[in-house]
**Student:** 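Here it is: the structure, laid out below.
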Amino acid sequence: MRGTLAGRITLVCLAVAGVAVIVAGLVASPLIRTTADNVLQSSLAAQADVVASQLDETGIGNRLGVGKVADVVRGQGISVVVRRAGGQALGDAVAVQAAGKLGLAADHSGRVTVAGSQYLVETRVVGTRGAAFALVLPARNAQATQRALVRNILLALGIGLLVAAVAGFVSGRLLGRPLRRAALAAGSLRAGRRDVRVPVRGPREVAEVAGSLNSLADALAVSEARQREFLLSVSHELRTPLTAVTGFAEAIADGVATGPDAVRAGQTIQREASRLERLVTDLLELARLGADEFRLDVASLDLGALVRDCAEVWQLRCAREDVRLSVSAPSSPVLVLADARRLRQVVDGLAENALRVTPSGAPMVFSLSTSGSSASLSVRDGGPGLAPEDYPVAFERGVLNARYRDRRPVGSGIGLALVHALVTRMGGTLTAGPAPEGGAAFTMTFPLSPG
């Protein structure tokens with residue numbers, strides 16, 4: 001099972017604190033030993049200086065005086081070695097041996113080893129006749145000081161570990177709380193709610209998670225609203241031809257439409273069926289564009305030649321609608337990388353939209369131009385155009401259909417979304433804006449092919 005965030009943060013804090021304890025112990029261990037030895041050596045030297053200042057040759061020669069001094073320092077575990085002028089060193093055998101190793105002929109301070117044990121020794125010369133004494137302290141006394149220091153350090157480190165565990169647990173709980181709220185909100189979104197929001201507070205990373213989740217909820221709400229509008233638009237587009245097909249088919253079946261009326265009814269059914277077929281085809285194409293199996297046969301093609309071929313076909317249709325079609329294209333080849341069949345589908349789709357809204361006598365233009373390393377093909381019309389706020393959303397499914405279907409002839413609501421997706425898939429861009437002829441201009445731009 002996966003652990004909780006609080007548990008993991010607690011473990012991380014303990015691990016970090018544990019590593020810090022180990023490193024501190026490794027670093028502090030030699031420092032503790034050195035410090036304890038230095039402290040004891042300094043203390044022993046200070047005591048030797050005090051004793052030397054209170055004694056002279058007479059004092060050392062006075063048995064009572066030496067005894068009093070010896071009693072004071074022996075109470076601290078220090079052995080006293082005395083050498084009278086012209087005499088031998090007196091004291092504990094081990095202490096005498098340790099003092100002898102360091103030497104009683106001058107003031108010395110150091111560490112010596114006797115019989116495998118180490119001793120701290122301080123020697124002082126008193127007077128001018130060679131009298132001297134030595135203070136000898138076993139080094140194991142320093143070990144006792146070291147152990148005391150280690151105990152205190154371990155106690156402090158243990159308290160630090162406990163504080164780290166508590167801090168890690170509390171931090172984990174504080175960090176986990178907004179994440180748990182985010183998880184609950186995500187579950188509500190999965191269940192279909194779109195009014196769920198998470199408070200954006202806490203550490204920056206946690207606040208970013210909450211903000212992203214809120215943005216996701218907003219995007220889902222907008223997307224679903226557009227999908228509903230699109231479905232309503234498609235349903236409206238389907239209902240109109242279906243109603244016509246059903247009505248005229250019933251008229252023929254009931255014998256109401258006969259002769260020329262039956263012919264007209266058949267023509268209407270054929271026309272509306274074709275309209276339904278185009279709508280279904282656009283829907284399928286748009287769905288395939290988002291699938292991995294959608295393929296494009298991209299190759300180098302002459303965009304100028306494609307424009308002129310399209311113009312020959314649309315010239316006849318424009319003439320039937322009394323619309324003036326003009327073509328502006330360079331005479332030299334304009335090579336781009338695209339799928340010729342899909343690009344022709346894009347131009348035809350834009351031309352059909354333009355012709356649908358262009359009134360009699362108004363112009364429609366195919367304009368091809370090059371600039372730098374790109375080529376632009378515009379399909380412009382002299383129709384009523386779009387409101388300024390509609391150009392940015394012109395390629396969203398069903399938006400223009402919903403806004404204009406009660407005011408002018410409209411298509412299926414997905415034609416512009418389809419051509420935009422096709423151009424984008426081929427590596428180009430498609431934009432919408434006002435046309436000099438008074439209507440709308442749809443411009444696709446492709447990088448020029450090297451040849």
Side-chain angles (χ1 to χ4, degrees), residues 237 271 274-275 277-283 285-286 289 301-330 334 336 338-369 375-386 390-391 394-401 404-405 408-426 428-446:
E237 290 296 319
R271 185 172 56 253
S274 298
R275 181 179 172 188
E277 183 181 7
R278 287 197 304 272
L279 177 59
V280 173
T281 300
D282 286 349
L283 286 172
E285 290 286 354
L286 194 59
L289 275 172
L301 61 89
D302 183 2
L303 194 55
L306 184 140
V307 170
R308 286 187 284 272
D309 290 343
C310 290
E312 289 182 5
V313 175
W314 285 94
Q315 195 72 251
L316 298 175
R317 294 190 58 180
C318 289
R320 287 199 299 265
E321 302 292 336
D322 192 22
V323 171
R324 303 190 311 273
L325 175 63
S326 61
V327 180
S328 173
V334 179
V336 297
D339 185 321
R341 183 172 65 89
R342 296 296 182 181
L343 192 55
R344 178 64 183 267
Q345 180 182 352
V346 170
V347 176
D348 287 343
L350 294 176
E352 185 173 355
N353 282 344
L355 184 59
R356 184 186 301 116
V357 297
T358 304
S360 297
M364 189 171 82
V365 179
F366 289 167
S367 175
L368 175 62
S369 62
S376 298
L377 171 60
S378 296
V379 178
R380 308 196 301 262
D381 63 73
L386 303 175
D390 290 336
Y391 288 111
F395 304 111
E396 296 182 10
R397 291 178 296 180
V399 174
L400 297 185
N401 182 286
Y404 292 98
R405 64 189 174 200
R408 68 178 69 164
V410 293
S412 63
I414 58 176
L416 288 177
L418 176 60
V419 297
H420 181 267
L422 284 171
V423 171
T424 303
R425 193 72 177 262
M426 288 186 288
T429 59
L430 181 62
T431 58
E437 292 76 15
F442 293 90
T443 304
M444 65 186 83
T445 303
F446 289 93

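This structure is a prediction, so every number in the text was calculated from the model and none was measured. In what follows, every heavy atom counts, from backbone to side chain, and hydrogens, waters and symmetry copies are set aside.
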**Student:** Please set out all donor-acceptor pairs under 3.5 angstrom arising from side-chain atoms of residues 301-315, sequence neighbours excluded.
**Tutor:**
| unit_1 | atom_1 | unit_2 | atom_2 | d |
| --- | --- | --- | --- | --- |
| D302 | OD1 | G304 | N | 3.1 |
| D302 | OD1 | V334 | N | 2.9 |
| R308 | NH1 | P330 | O | 3.3 |
| W314 | NE1 | D348 | OD1 | 2.9 |

**Student:** So which heavy atom on S376 is nearest to which on T445, and how close?
**Tutor:** OG-OG1, 3.2 Å

**Student:** Is a donor on one side and an acceptor on the other found under 3.5 Å between the side chain of R324 and the backbone of G361?
**Tutor:**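 Answer holds: yes.
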
**Student:** To the nearest 0.5 Å, tell me how far T443 OG1 sits from L368 CG.
**Tutor:** 11.0 Å

**Student:** Roughly how far, to the nearest 0.5 Å, is the CG atom of L400 from the CZ atom of F395?
**Tutor:**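 These two atoms lie 9.0 Å from each other.
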
**Student:** If the test is side-chain contact (heavy atoms from CB on, under 4.5 Å), which one of L350, V419, V336 qualifies with M444?
**Tutor:** L350

**Student:** Rounded to the nearest 0.5 Å, what separation is found between the CZ atom of R425 and the CG atom of D339?
**Tutor:**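 Between R425 CZ and D339 CG, I get 11.0 Å after rounding to 0.5 Å.
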
**Student:** Between CG of L430 and CG of L416, what distance do you get to the nearest 0.5 Å?
**Tutor:** 8.0 Å

**Student:** Quick one, F446 and L343 - any side-chain contact, counting heavy atoms below 4.5 Å?
**Tutor:**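 Yes, close enough: below the 4.5 Å cut-off.
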
**Student:** Mind checking the CZ-CG spacing from R317 to L325? Nearest 0.5 Å is all I need.
**Tutor:**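 Taking CZ in R317 and CG in L325, the distance rounds to 11.5 Å.
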
**Student:** List the atom of E321, the atom of S360, and the distance in Å for their closest heavy-atom pair.
**Tutor:** O-OG, 3.4 Å

**Student:** For G383 and P359, work out which heavy atoms get closest and say how close.
**Tutor:** CA-CD, 3.8 Å

**Student:** What pair of heavy atoms forms the shortest contact from A394 to A432, and how long is it?
**Tutor:** CB-CB, 4.2 Å

**Student:** Roughly how far, to the nearest 0.5 Å, is CZ of F366 from OG of S328?
**Tutor:** 12.5 Å

**Student:** Does any non-hydrogen side-chain atom of V357 lie less than 4.5 Å from one of P384?
**Tutor:** yes

**Student:** Please evaluate residues V365 and S378 with respect to the criterion side chain to side chain contact (heavy atoms under 4.5 Å, CB included), reporting the C-alpha separation (whole Å), side-chain torsions for both, the decisive distance (0.1 Å), and the verdict.
**Tutor:** CA-CA 8 Å; V365 179; S378 296; over 6 Å; no

